[in-house]
Amino acid sequence: CLPSTFPPSTTPTMATSLARTLLSRGACRRSLPSSAAANLFGLNTSSSSAASTSPIIDNYPRWFASYPSHEVVGMPALSPTMESGTISKWNIKNGDSFSAGDSLAVIETDKATIDFEAQDDGVVAKILAPEGGGEIIVGHPILVTVEEESDVAAFADFSPESSASAPEPSTSEPVVAAPTPPAPAAAVPTQTPPPSTTGERIVASPRAHTLAKERGYGEISALRIVGSGPGGRIIAQDILEYDPSSAPAAVSVAQPTAQAAATPAAPAAATPSAAAAPLPQPVQGQGYTDYSLPTSALELASRLHISKQNVPHYYLTIDLNLDSLVELRSSLNATMKDGGITVNDLLLKAAAAAMKTVPAANASWMGDFVRVYDSVDVNVVVGNGSALYAPVIRDVGRRGLAAVSDDFAAATSVVEGEEDTTTVAGFGDVGTFTMVNLGMFGVKSCAPIIREPQACALALGVIENRIVPNDDAESEEIYKEAVMMTATLSCDHRVVDGAVGAQWLSAFKNHVENPVTLLL
């Protein structure tokens, strides 16, 4: 084990290094003599205290495992299907500084060779994976970065294992019991920061943490910031662009009771929307104006950003003849006293009918299995800008056109200011399919982003008269004028392959061009 005293020629640095080596290898499993503890920490051996007789090994792991503020960077997923890669070249070395956008390394996958670019500023503390060292799985540590160049030397002997949590004390040594925490006080209203929208640990770069403290924001976990880095990671640029005046105020809440904890959480639609709170005034700059966004818009942007990165999208487009659909709509509305069926209602019903024909498209990717839903719940995108919503219309496939039309009309009334989001069911919920109609803006086609965990999203273009080939064999005219629309289906290739996507579009086209099937 450790000697009680060190030779006169041994410097304090050498003694400390020797102690660290022996302790890290588990060589010492007993308490050190008081003289050894004094030499190890540079204390006067003539002095005595209660602390000098305590087991030093009990406190050592926490001391040894501490490093300056740093970040362990794993092998990045540079494509949705990437599972591993090989570092063919490092463009930096230990001690080098880098900026956001700099190429750190060239990584070779089974499909391509891609540059790994930095998302934030920093300094390379240690490269953990050598060039050409073979396949490295995604997430495995390859690099350690720090904020200051002066911290690099502390990572000379760093290994991923040394940064892990300290091991449990040996059972052969006495363990000092931790002081019993005081009993919780009675429930009183307290000011609490807004919780994370994902319910998970906040992921941010070291530079972002430093900037937040330098600017007086405090801990990042107390700020409602949607990260723009990979996987929603908060980077330095997010802190620089953060406006405290636009952050939602803390809400006075009481500690939940056991009965409240057992009650399932209500959907987001049951609480007042954050978008209803007044936004700060625009900030004028030289040649630009900054506009604050409501929390709902920030959350939607974050979800779409992550979805576009994670979901392997592909797109299928088809032209639809709406002559029969428009004729059926006119016939139905002629028999209705109040309200009326819209073309969008019929297209919504046709999409649900296509799901019944091809149920494999009404599904979600769940990691290691695919979940197929029985009910077709469609998120219909309405509004624009800060008033953009996607309320869900429930069970479209098994309900009648009139009921579906009423629900859609209620959702539209929110955009027109006639209703509040808290009074209309379906706001904030996620269905099994999404449909967006951009025809009112004159857009012919659009490739929508799939909203996870859904597997498909349908975009509808403008309804217009086009000259098309005449399919009437008895007519002498080669061409005819028809009411047409272009529809584009975005699919998650993990769930819906090309053949299934084509079958769904074919079924959708059949129901649109033969709309009497929607009444069955």
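Heavy atoms only: backbone and side chains are in, while hydrogens, waters and symmetry mates are out.
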Please report the closest heavy-atom contact between [X] and [Y], naming both atoms and the distance.
| X | Y | value |
| --- | --- | --- |
| Val370 | Ala363 | CG1-CB, 3.8 Å |
| Leu316 | Gly498 | CD1-O, 4.2 Å |
| Ala360 | Val496 | O-CG2, 4.1 Å |
| Ser88 | Glu108 | CB-OE1, 4.4 Å |
| Ala351 | Trp504 | O-CZ2, 3.6 Å |
| Val138 | Ser84 | CG2-N, 3.9 Å |

Is the shortest side-chain heavy-atom distance between [X] and [Y] below 4.5 Å?
| X | Y | result |
| --- | --- | --- |
| Ile450 | Thr434 | no |
| Val123 | Asp151 | no |
| Val144 | Tyr67 | no |
| Thr317 | Thr488 | yes |
| Val311 | Trp365 | no |
| Ile107 | Met82 | yes |

When rounded to the nearest 0.5 angstrom, what is the spacing between [atom1] in [X] and [atom2] in [Y]?
| X | Y | atom1 | atom2 | value |
| --- | --- | --- | --- | --- |
| Asn437 | Cys446 | CG | SG | 10.5 Å |
| Asp102 | Ile92 | CG | CD1 | 10.0 Å |
| Ile136 | Met75 | CD1 | CE | 4.0 Å |
| Lys509 | Ile318 | NZ | CD1 | 5.0 Å |
| Ile393 | Phe433 | CD1 | CZ | 13.5 Å |
| Ile87 | Glu135 | CD1 | CD | 11.0 Å |

Do [X] side-chain atoms and [Y] backbone N/O form a donor-acceptor pair below 3.5 Å?
| X | Y | answer |
| --- | --- | --- |
| His313 | Ser490 | no |
| Asn379 | Gly431 | yes |
| Thr432 | Asn362 | no |
| Asp492 | Arg494 | yes |
| Tyr314 | Asp497 | yes |
| Glu131 | Trp90 | yes |
| Asn94 | Ile127 | yes |

- Message: Below 30° counts as parallel, above 60° as perpendicular, anything between as tilted: where do the rings of Phe158 and Phe155 land?
- Response: tilted

- Stepwise side-chain contact (heavy atoms from CB on, under 4.5 Å) check, Thr113 with Val106: CA-CA 7 Å; Thr113 299; Val106 178; 3.2 Å; yes

Report, as yes or no, whether the 6.0 Å neighbourhood of atom [atom1] on [X] holds more than 12 heavy atoms from other residues, nucleotides or ligands.
| X | atom1 | answer |
| --- | --- | --- |
| Lys356 | NZ | no |
| Glu149 | CD | no |
| Gln284 | CD | yes |
| Glu83 | CD | no |

- Verdict with reasoning, Val392 to Arg394, per side-chain contact (heavy atoms from CB on, under 4.5 Å): CA-CA 6 Å; Val392 62; Arg394 296 288 183 187; 3.7 Å; yes

- Item | Listed partners of Leu304 passing side chain to side chain contact (heavy atoms under 4.5 Å, CB included), at least two apart | Leu300, Ile449

- List the steps and the verdict of side-chain contact (heavy atoms from CB on, under 4.5 Å) for Asp96 and Phe98. CA-CA 7 Å; Asp96 285 356; Phe98 58 85; over 6 Å; no

- Item | Evaluation steps, side-chain contact (heavy atoms from CB on, under 4.5 Å), between Phe116 and Ile142 | CA-CA 12 Å; Phe116 173 31; Ile142 62 173; 4.2 Å; yes

